[in-house]
Amino acid sequence: MVSFIFGNFKTQKLQMRLLKVSLLFMLTLSLTSCFDDRDDNAIAASEINDFVWKGMNAVYLYKDDIPDLANDRFTTNEQYGTYLNGFSDPQDLFNSLIFQPETVDRFSRLLTNYIEFEQLLAGTSKSNGLEFNLYLEPGSDTEVFGVIRLVLNNSVASSLGLQRGQVFDAVDGTQLNVNNLNDLLGQDTYTLNFGTYNDNATDTVDDDTITSTTNSQALTKETFTENPVHLTSVIDVDGENVGYIVYNGFNRNFDSQLNAAFAQLQASNVQHLVLDLRYNPGGSVLTASYLGSMITGQFTGDIYSKLVYNSGLQELNSNFNFVNNFDGNTVNSLNLNKIYVLTTSRSASASELVINSLSAYIDVVQIGDFTTGKTQASITIYDSPDFSSSEINPNHTYAMQPLVANSINVNDVAVPGSGLAPNITLLESPRNFGILGDINEPLLAAAIADIQGLGRFSQQQIDFRAIKTDLNIKPLEEGMYIETDSFILNRLELK
């Protein structure tokens with residue numbers, strides 16, 4: 001019989017593998033809750049709970065702050081079994097193991113279907129190609145209107161000619177309000193009913209109005225893969241070339257497209273760069289290091305960023321360096337000493353890593369809003385002998401994305417939880433959604449004005465009451481992940 005001992009993860013790896021099978025049979029199961037697996041067979045919650053606890057005990061960044069994750073938390077199989085049986089839903093167990101979820105760890109998550117999640121990692125999801133902001137109508141605490149902030153290339157919405165800045169106030173002929181917007185906009189097929197926004201030539205919002213029109217457009221979501229390199233252009237500013245790139249996600253599958261965009265900028269001999277990350281929620285740490293190398297080029301081999309793990313996994317602490325090639329491709333570098341970065345509150349994790357890491361080497365001028373404030377990285381943990389994607393338990397499709405490391409720059413500075421503060425504050429609002437790439441678009445115009453030495457824009461802060469929902473979140477919203485097999489799990493093997 002296998003003895004039940006919890007110690008250092010690295011030295012107890014073999015025990016954990018053996019316990020993975022044997023422990024489930026030794027537990028005194030009092031649970032009646034069951035879950036459907038991929039073959040519609042019932043599986044006891046305790047089997048998933050066992051995976052949740054062991055995975056979090058192995059790699060969770062804040063393990064030291066959670067007493068229930070201590071290596072010596074349980075001394076007998078019965079004690080461990082009783083603990084697991086106290087949670088009828090794996091989500092409840094997972095939630096109980098999160099450190100200060102409202103302020104510190106806002107990002108770890110339990111995944112019920114890792115197959116769908118892997119598709120999201122590849123940039124594939126069901127979408128009509130629209131991203132939008134939602135606001136309470138002026139003078140109302142219930143009625144809602146939306147503004148299209150982004151139309152994805154080669155999507156349903158782009159083929160129909162929808163445009164950034166269009167206002168809508170109803171769906172399927174029903175006025176949007178705080179109670180129905182999730183149901184109406186959460187459908188796979190719906191019709192947007194458009195309106196017009198009128199500021200009535202005043203600086204205050206209270207007297208602004210949204211007027212319904214007869215214009216509408218039916219939309220149907222379909223399987224869609226987004227190329228995150230949304231727009232690349234070169235702008236002549238007083239005889240100098242300013243590169244502009246809208247980049248919407250750090251996706252390893254599109255690293256070559258990102259590098260190709262920088263080849264275009266390099267060939268144009270750009271002297272300045274405006275990097276638009278306002279709708280970029282994050283993604284691959286490795287891609288973030290490639291982007292930093294494309295922007296610069298003069299720091300090859302130097303430390304770009306660092307990852308720091310929990311106290312039991314300090315041997316995994318690692319550095320990401322500036323590079324001049326990846327996957328056999330030469331990095332197209334601009335050798336810049338200054339960059340302009342456009343941000344909103346949705347600019348998160350890997351986007352913040354780029355700003356934080358580059359600021360230790362070059363001048364970074366941030367324009368827009370405070371970023372999200374996520375400094376941690378995660379990995380995907382599967383229910384397998386070594387938590388990798390090999391030999392996954394076929395009984396269910398649960399997986400986890402726990403935070404496992406803090407990202408810091410070469411000077412050991414992390415992104416604050418409050419987000420990175422802009423050098424030039426300029427907030428997007430229903431009044432100023434310009435065309436991306438147009439020199440009159442407010443955030444880009446602010447960067448161009450600074451390049452020209454015309455002074456920095458100031459903006460009167462207007463209180464638009466935005467509504468935050470999960471309706472149009474992007475894959476891996478606010479996520480920063482590490483390629484599991486390459487960076488962590490193979491280094492957790494027994495030595």
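In this chain, residues are counted from 1 in sequence order. Everything quoted here is computed from the prediction, not taken from an experiment. The analysis underlying the following values was restricted to heavy atoms, covering all of them including side chains, and did not include hydrogens, waters or symmetry mates.
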message = Is it the case that atom CG in Asp92 sees more than 12 heavy atoms from other parts of the structure closer than 6.0 Å?
response = yes
message = With a 3.5 Å distance limit and no angle check, can you tell me whether Asn153 reaches the backbone of His230 through a side-chain donor-acceptor pair?
response = yes
remark   = Nearest heavy-atom contact between Pro281 and Ser349 is O-OG, 3.0 Å
ask   = Does the Thr372 side chain pair with the main chain of Ser345, one donor and one acceptor, at a distance under 3.5 Å?
value = yes
ask   = Once you round to the nearest 0.5 Å, how far does CD1 of Ile367 lie from CG of Leu426?
value = 8.0 Å
message = Please report the interatomic distance OG(Ser389) to CD1(Ile381), rounded to the nearest 0.5 Å.
response = 11.0 Å
ask   = Can Gln91 and Asn95 be counted as having a side-chain donor-acceptor contact under 3.5 angstrom?
value = yes
request  = Please tell me if the side chains of Leu184 and Tyr190 come closer than 4.5 Å, counting only heavy atoms from C-beta onward.
outcome  = no
side-chain contact (heavy atoms from CB on, under 4.5 Å) between Phe262 and Ile295, intermediate numbers included = CA-CA 8 Å; Phe262 273 82; Ile295 293 166; 4.0 Å; yes
ask   = Just by modelled atom types, is the Leu277 backbone N or O under 3.5 Å from a matching donor or acceptor in the Ser347 side chain?
value = yes
task = Taking atom types as modelled, find out whether Ser212 and Asp169 have a side-chain donor-acceptor pair closer than 3.5 angstrom.
result = yes
ask   = With under 30° as parallel and over 60° as perpendicular, where do the rings of His396 and Phe51 fit, or are they tilted in between?
value = tilted
message = Can you confirm whether Thr343 sits close enough to Ser351 that some side-chain heavy atom of one is under 4.5 Å from a side-chain heavy atom of the other?
response = no
ask   = What distance do Leu219 atom CG and Thr189 atom OG1 have between them, rounded to the nearest 0.5 Å?
value = 9.0 Å
inquiry  = Please report whether the ring centroid of Tyr382 lies less than 6.0 Å from that of Tyr114.
reply    = yes
task = For Asp172 and Gln187, test the side chains for any donor-to-acceptor distance below 3.5 angstrom and give the result as yes or no.
result = yes
message = Closer than 4.0 angstrom, basic N to acidic O: yes or no for Glu131 and Arg346?
response = no
ask   = Could you give the distance from CG (Asn395) to CD (Glu47), rounded to the nearest 0.5 Å?
value = 4.5 Å
ask   = Is the shortest heavy-atom distance from the side chain of Val229 to the side chain of Tyr247 under 4.5 Å?
value = yes
request  = Anything under 30° is parallel, anything over 60° is perpendicular, the rest tilted; go ahead and classify Tyr304 against Phe322.
outcome  = perpendicular
Whether Arg149 side chain and Phe132 backbone form a donor-acceptor pair below 3.5 Å = yes
query = How far apart are the C-alpha atoms of Ser378 and Phe107, what are their side-chain angles, what is the distance that settles it, and do they pass the side-chain contact (heavy atoms from CB on, under 4.5 Å) test?
reply = CA-CA 9 Å; Ser378 61; Phe107 307 102; over 6 Å; no
ask   = Going by heavy atoms in the side chains, are Phe433 and Asn133 under 4.5 Å from each other?
value = yes
query = Between Lys221 and Leu185, which heavy-atom pair has the shortest distance, and what is it?
reply = NZ-O, 3.8 Å
query = Less than 4.5 Å apart, any side-chain heavy atom of Ile448 and any of Val274?
reply = no
query = Where do Arg431 and Asp208 land on the side-chain contact (heavy atoms from CB on, under 4.5 Å) test, with the steps shown first?
reply = CA-CA 10 Å; Arg431 295 181 171 190; Asp208 291 0; 2.9 Å; yes
request  = Report yes or no: does Ser140 contribute a side-chain atom to a donor-acceptor pair with the main-chain N or O of Leu136 at less than 3.5 Å?
outcome  = no
inquiry  = Rounded to the nearest 0.5 Å, what separates atom CG in Leu313 from atom CG in Leu307?
reply    = 12.5 Å
ask   = Would you call Gln266 and Leu334 a side-chain contact if the rule is heavy atoms closer than 4.5 Å?
value = yes
task = Please check if atom CG in Leu160 has more than 12 non-hydrogen atoms from other residues, nucleotides or ligands closer than 6.0 Å.
result = yes
request  = Grab the two heavy atoms, one from Ser407 and one from Leu353, that are nearest each other, plus how far apart they are.
outcome  = OG-CD1, 3.2 Å
message = Hydrogens and angles aside, do Glu352 and Thr371 bring a side-chain donor and acceptor to less than 3.5 Å of each other?
response = yes
task = Please check if the side chain of Thr375 supplies one atom and the backbone of Pro416 the other of a donor-acceptor pair under 3.5 Å.
result = no
task = Please tell me if the side chains of Leu444 and Leu436 come closer than 4.5 Å, counting only heavy atoms from C-beta onward.
result = no
message = Would you say Asp65 and Gln100 are linked by a side-chain donor-acceptor pair, where the criterion is simply a distance under 3.5 Å?
response = no
query = Which heavy atom of Trp53 sits nearest a heavy atom of Leu69, and at what distance?
reply = NE1-CD2, 3.9 Å
message = Do Leu275 and Leu291 make a side-chain contact, defined as non-hydrogen atoms from C-beta onward lying under 4.5 Å apart?
response = yes
message = Is it the case that the side chain of Asp383 and the backbone of Ile48 share a donor-acceptor pair, with hydrogens and angles ignored and the cut-off at 3.5 Å?
response = no
ask   = Hey, is the main chain of Leu84 close enough, under 3.5 Å, to the side chain of Asn49 for a donor-acceptor pair?
value = yes
key: Side-chain (Ser108) to main-chain (Leu403) donor-acceptor, under 3.5 angstrom   = yes
ask   = From Glu118 CD over to Thr380 OG1, what is the distance, rounded to the nearest 0.5 angstrom?
value = 7.5 Å
key: Closest heavy-atom pair and its distance - Glu391, Pro385   = O-CD, 3.4 Å
query = Is it true that Arg278 and Glu428 have a side-chain N and a carboxylate O under 4.0 angstrom from each other?
reply = yes
remark   = Of all heavy-atom pairs linking Leu134 and Gly146, the shortest is CD2-CA, 3.8 Å
inquiry  = Treating Glu441 as the side-chain partner and Asp438 as the backbone partner, does any N or O pair qualify as donor plus acceptor under 3.5 Å?
reply    = no
task = Report the C-alpha separation of Leu110 and Thr112 in whole Å, then their side-chain angles, then the decisive distance to 0.1 Å, and conclude whether the side-chain contact (heavy atoms from CB on, under 4.5 Å) test is met.
result = CA-CA 7 Å; Leu110 178 67; Thr112 59; 5.7 Å; no
ask   = Using a distance-only test with no angle check, is there a side-chain donor-acceptor pair under 3.5 angstrom linking Tyr60 and Asn310?
value = no
request  = Taking atom types as modelled, find out whether Asp255 and Thr287 have a side-chain donor-acceptor pair closer than 3.5 angstrom.
outcome  = yes
